[in-house]
Structures are given as structure tokens and as C-alpha cells.
K.L.:
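One structure follows; several queries about it will come next.
Here, residue 1 is the first one in the sequence, and each next residue gets the next number. Worth knowing before you read on, the calculation uses all heavy atoms, side chains too, and leaves out hydrogens, waters and symmetry mates. As the structure lists them, so they are numbered: ligands from 1, and atoms in each ligand from 1.
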Amino acid sequence: MQIPAIIRIKNLRLRTYIGIKEEEINNRQDVIINAVIHCQAQAAVESNIIEDALNYRTICKAIIKRVEDQRFALLERMTYEILELVMAHPDVLKGEVEVDKVGALRYSDSVSMALGGARTERGGPWEAGF
Ligand SMILES: Nc1nc2c(c(=O)[nH]1)N=C([C@H](O)[C@@H](O)COP(=O)(O)OP(=O)(O)OP(=O)(O)O)CN2
């Protein structure tokens, strides 16, 4: 029996260098990251042990390290690098990442970029798209 699952990492709040203006190059800014991760959960459901699960903590820690260690000019690049980290796990069948740049535009709460990826079989190559 297959048990399709969706793991959602919600509102991961980090600070990093993101932007093209001098002020953005010299100062960290708040970003909010949301990731939607589609996988199969039957092994984890049946065994109830973490080794059989797509460990969302592992993915989250990888995102935190990449975002806090890197400098990014464009939201496109930052979002894609996070999507690559998500899709690097062969058990991820489909992933979507959205990055909000808080206060990026005057009079708005934030601006966000969303990118997606999918693979047709476990461990196979993935392509960008929704
Ligand atoms: N697919 C799953 N992955 C993980 C599960 C799960 O149930 N299914 N559960 C966990 C942990 O229980 C997680 O929820 C808490 O882990 P932790 O407190 O270590 O996460 P933190 O990010 O707070 O870790 P810190 O080291 O305290 O920063 C993990 N994966």
C-alpha cells in the first residue's frame, strides 16, 4: 500500500544577505521560507522509526546552513538553491519552495518567489516546474 504524504516546512524565519542594492549587500535581511515536500510515507507509518522517514529536520538544517552561509543577489537564485536541497533527497517526488523577502517593497509586507520541481520516479532526475 502506498501512503502519499506532504511535509510542509512553514515560515522558517532566517536572516541572510539577499539583494542587489549596496544596503542589501552590506546588511542581512529577514526572509521567510516555506517548503512543500511530497513523498511516500508508508515505510515510516509501518515502522514508526525515523530511519524509514524522509527526515524533515535534515532538510531544514541544510536549508538553514545554505541560507545563512551564502550571499544572494536575486530571489530566483536563493529559491532555486533551496529547491535543489529539497530535491536532492531521492524520496522527494515533488517539491515547492517559496521565499518571502520581508519589507522588500515599500508599502508591502513582502515579495516572494516560488519555484517547483518534480521527478517521475524515486531517485530519478528531476525537472523544474509546477
Ligand atoms: N519525516 C519525519 N521527520 C522527522 C520527524 C518526523 O516525525 N517525521 N520528527 C523529527 C523530530 O521529532 C522533530 O520534530 C524535532 O526535532 P528537533 O527538535 O531535533 O528539531 P530542531 O530543528 O528543533 O532541532 P534543534 O537541534 O533543537 O535545532 C525530525 N524529523
Side-chain angles (χ1 to χ4, degrees):
M1 173 179 71
Q2 293 204 326
I3 303 177
I6 300 176
I7 296 171
R8 289 185 169 90
I9 298 174
K10 297 183 179 180
N11 298 333
L12 175 62
R13 297 174 187 276
L14 301 174
R15 289 179 62 80
T16 189
Y17 296 97
I18 172 72
I20 56 176
K21 296 184 339 186
E22 186 176 349
E23 178 190 347
E24 295 180 301
I25 293 166
N26 295 325
N27 298 285
R28 287 179 182 268
Q29 293 184 69
D30 293 326
V31 293
I32 301 173
I33 298 163
N34 282 273
V36 181
I37 303 166
H38 295 246
C39 61
Q40 293 289 343
Q42 57 273 18
V45 167
E46 289 162 11
S47 70
N48 196 29
I49 59 173
I50 190 63
E51 289 73 19
D52 287 334
L54 174 63
N55 193 327
Y56 58 65
R57 179 179 185 274
T58 306
I59 295 173
C60 189
K61 295 302 182 189
I63 293 170
I64 293 170
K65 178 165 178 43
R66 176 66 62 89
V67 169
E68 292 188 339
D69 289 0
Q70 296 273 86
R71 289 175 175 268
F72 305 91
L74 299 180
L75 265 178
E76 287 86 345
R77 179 56 177 268
M78 179 177 172
T79 307
Y80 187 78
E81 287 199 23
I82 296 169
L83 179 63
E84 282 186 315
L85 292 174
V86 169
M87 298 305 298
H89 294 264
D91 290 330
V92 175
L93 299 173
K94 184 179 172 187
E96 182 174 325
V97 173
E98 181 174 18
V99 180
D100 276 70
K101 191 174 170 183
V102 179
L105 292 175
R106 195 179 304 274
Y107 310 126
S108 75
D109 290 344
S110 68
V111 65
S112 79
M113 172 71 60
L115 297 176
R119 54 171 51 98
T120 56
E121 59 184 2
R122 183 194 177 284
W126 64 276
E127 292 185 356
F130 292 104

K.L.:
Identify the closest protein heavy atom to atom 16 (O) of ligand 1: which residue and atom is it, and at what distance?
P.N.:
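The answer is Arg57 CD, 3.8 Å.
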K.L.:
Indicate whether atom 10 (C) of ligand 1 is within a distance of less than 4.0 angstrom of some protein heavy atom.
P.N.:
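Yes, there is one.
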K.L.:
If I take atom CG from residue Leu14 and atom CE from residue Met78, how far apart are they, to the nearest 0.5 angstrom?
P.N.:
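Reported value, rounded in 0.5 Å steps: 7.0 Å.
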K.L.:
For the atom pair CD1 (Ile50) and CG (Asn55), what is the distance rounded to the nearest 0.5 Å?
P.N.:
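With rounding to 0.5 Å, CD1 (Ile50) is 4.0 Å from CG (Asn55).
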K.L.:
Is it true that, when you exclude Lys101 itself, more than 12 heavy atoms of the residues, nucleotides or ligands shown sit nearer than 6.0 Å to its NZ?
P.N.:
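Correct, the count exceeds 12.
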K.L.:
What atoms in ligand 1 come closer than 4.0 Å to a heavy atom of Asn55?
P.N.:
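Counting from 1, the qualifying ligand atoms are 3 (N), 4 (C), 29 (C), 30 (N).
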K.L.:
Rounded to the nearest 0.5 Å, what separates atom CE in Met113 from atom CG in Asp100?
P.N.:
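Here the interatomic distance stands at 11.0 Å.
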K.L.:
Provide the number and element of each atom of ligand 1 under 4.0 Å from a heavy atom of Ala53.
P.N.:
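Answer, ordered by atom number: 1 (N).
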K.L.:
Any idea which atoms of ligand 1 are less than 4.0 Å away from a heavy-atom of Leu54?
P.N.:
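Selected atoms, number and element: 1 (N), 2 (C), 3 (N).
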K.L.:
Hey, does the Lys NZ or Arg CZ of Arg77 hover above the aromatic six-ring of Phe72, less than 6.0 Å from the centre and inside 45° of the axis?
P.N.:
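No - Arg77 does not lie over the ring of Phe72 by the 6.0 Å and 45° rule.
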K.L.:
What residue and atom, counting heavy atoms only, is the protein's closest point to atom 8 (N) of ligand 1, and at what distance?
P.N.:
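Residue, atom and distance for the closest contact: Tyr56 CE2, 3.5 Å.
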K.L.:
Kindly state if atom 27 (O) of ligand 1 has a protein heavy atom within a strict 4.0 Å cut-off, that is, under 4.0 Å?
P.N.:
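Within 4.0 Å of atom 27 (O) of ligand 1, no protein heavy atoms are found.
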K.L.:
In the protein, what heavy atom is nearest to atom 22 (O) of ligand 1, and what distance, to one decimal place, separates them?
P.N.:
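The protein heavy atom lying closest is Lys61 NZ, 3.2 Å.
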